[in-house]
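The structure under discussion appears below in the form of structure tokens.
Every chain is numbered from 1 and lettered A, B, ... according to where its sequence line falls, protein lines coming before strand lines.
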Amino acid sequence: KAGVTQTPRYLIKTRGQQVTLSCSPISGHRSVSWYQQTPGQGLQFLFEYFSETQRNKGNFPGRFSGRQFSNSRSEMNVSTLELGDSALYLCASSLRGQGALETQYFGPGTRLLVL
Amino acid sequence: DQQVKQNSPSLSVQEGRISILNCDYTNSMFDYFLWYKKYPAEGPTFLISISSIKDKNEDGRFTVFLNKSAKHLSLHIVPSQPGDSAVYFCAAVNSGGSNYKLTFGKGTLLTVNP
């Protein structure tokens, strides 16, 4: 069974631009969560989608948004990029997204560099 | 406010010895705890978990201990192997809530020297 895939793997943008990252969950998984990893803050939860609905959201500004499609694939968008948005963005999928009751499987991440 | 803290950014041990990674939490609503391991250029992978109804869970070389009164958990790796060198993240969740998110610590880089 294929794992979680994320595209692109690496991205360089400039301040003020916007970016869209994509995540394909494991086949059959309906929950997709997004995390931001930075050296200073570790892994921080962005949002979780289940059946095309955002179920939960972390403490990030409105510039960060996401969506999920009917095939469970998910995208996240960051508008008006800032230097501080440089990070590794990780996507994780699980069957139902019931938090600890299921293992979350992570993709390799998209490394975003904002210049 | 960091609800899950891993106060040691790094740890270095010799092959064959025990590695002990520590994690503290502040939110008393957390009742399920997980450890993830992350190699460079890969996403985190689930390692082991423990429910708050237990104080110990063991899986092969990995054992997690939970001290609820101290709001502290630790991961023991015995014996440590060079392949265990990675960043280890502690995570916590309130499994009874509708909040389907894991709260992670900042991670501890473990280096196991041959």
Rounded to the nearest 0.5 Å, how far apart are [atom1] of [X] and [atom2] of [Y]?
| X | Y | atom1 | atom2 | value |
| --- | --- | --- | --- | --- |
| B:K38 | A:L43 | NZ | CG | 8.0 Å |
| B:F89 | A:Q37 | CZ | CD | 4.0 Å |
| A:L90 | B:F104 | CG | CZ | 8.5 Å |
| B:F46 | A:F106 | CZ | CZ | 11.5 Å |
| A:Y35 | B:L102 | OH | CG | 4.0 Å |

Would you say [X] has more than 12 foreign heavy atoms packed within less than 6.0 Å of its [atom1]?
| X | atom1 | answer |
| --- | --- | --- |
| A:N71 | CG | yes |
| B:R17 | CZ | no |
| A:R15 | CZ | no |
| A:F50 | CZ | yes |

State plainly whether one hydrophobic cluster holds both A:L81 and A:Y10, where clusters connect Ile, Leu, Val, Met, Phe, Trp and Tyr through side-chain heavy atoms under 4.5 angstrom apart.
->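 They do not share one cluster, since no chain of ILVMFWY contacts under 4.5 Å joins A:L81 to A:Y10.
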
Same apolar cluster: A:F60 and B:V4, side chain cutoff 4.5 Å |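 The answer is no; the residues belong to distinct hydrophobic clusters.
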
Least distance between heavy atoms, B:A41 atom then A:P108 atom =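 Shortest heavy-atom separation between B:A41 and A:P108 comes out as O-CB, 4.1 Å.
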
Atom group of A:R111 that falls short of 4.5 Å from chain B, counting heavy atoms |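 No part of it gets close to chain B.
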
Can you tell which part of B:Y39 gets under 4.5 Å to a heavy atom of chain A, answering side chain, backbone, both or neither?
->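 Neither; nothing under 4.5 Å.
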
